[in-house]
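As structure tokens, the structure follows; a few thoughts come after it.
Here, residue 1 is the first one in the sequence, and each next residue gets the next number. One-based numbering, in listed order, for ligands and for the atoms of each.
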Amino acid sequence: MDKYVTGAVIRKLRENKKMTQENLAARIHVSSKAVSKWETGQGFPDISLLEPLAEALGISVIELLSGEDIRNLNRSSNMMKGKFYVCPVCGNVIQAAGEALISCCGIKLPPMEAEEADEEHAIKMEVVEDEYFVTVDHPMDKDHYISFLAAVADQGIQFVKLYPESCAEARFKISRVRKIYACCNRHGLFEVTPARAARRSPA
Ligand SMILES: [Fe+2]
């Protein structure tokens with residue numbers, strides 16, 4: 001744990017929940033004076049209180065400690081709003097249906113922001129029967145390569161992990177795919193819609 005809950009976070013979350021210091025104190029069986037002390041930086045809640053405190057404030061303990069209130073308001077949010085998280089140390093790739101607090105190798109990972117594919121990372125696509133055959137004309141060296149390709153539809157994701165010395169290609173079932181992603185270990189995440197990729201493909 002590299003961070004502990006701060007008074008400002010407790011106050012903000014309490015006020016968001018429209019609770020008084022007394023209300024919050026009653027929920028977690030402490031005195032309102034204790035809550036007041038935490039909020040003014042004159043003390044910290046005991047570690048045994050983190051769980052009840054997070055529950056009373058309607059967030060997870062990890063959110064409470066990070067000071068970030070990640071609320072995916074649209075709980076039925078579809079995969080198109082999903083995020084990729086890539087660890088720069090071990091290369092782990094985590095895909096989440098919405099924004100989340102993700103750590104790997106001791107680093108808090110930001111969600112990757114996809115850019116429209118540039119010339120160097122042009123994502124090309126051919127339709128072969130019921131599949132998209134996706135290729136990226138890009139080096140696949142140890143130090144610079146496409147680390148994964150993914151096809152995202154409303155209801156799911158198809159993901160292919162790639163490795164140096166392999167080919168930057170993958171096959172995806174066409175079924176309702178709305179976006180194709182390619183991740184370069186040096187240049188980041190690129191995206192293209194099937195319609196746009198098809199326009200770039202050789203005839
Ligand atoms: Fe690249």
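- Side chains of Leu57 and Met19 form a contact here, defined as non-hydrogen atoms less than 4.5 Å apart.
- Taking the Fe ion (ligand 1) as the apex, the angle formed with NE2 of His144 and SG of Cys184 is 90°, to the nearest 10 degrees.
- Atom NE2 is the N, O or S atom of His138 at the shortest distance from the Fe ion (ligand 1).
- Taking the Fe ion (ligand 1) as reference, His187 places its N/O/S atom ND1 nearest.
- In His121, the N, O or S atom that comes nearest to the Fe ion (ligand 1) is NE2.
- Between Phe84 and Phe148, the ring-plane angle classifies as tilted under the 30° and 60° cut-offs.
- Cation-pi geometry between Lys161 and Phe159 is not met at under 6.0 angstrom from the ring centre and within 45 degrees of the axis.
- Looking only at side-chain heavy atoms (C-beta outward), Thr135 and Asp137 stay at 4.5 Å or farther from each other.
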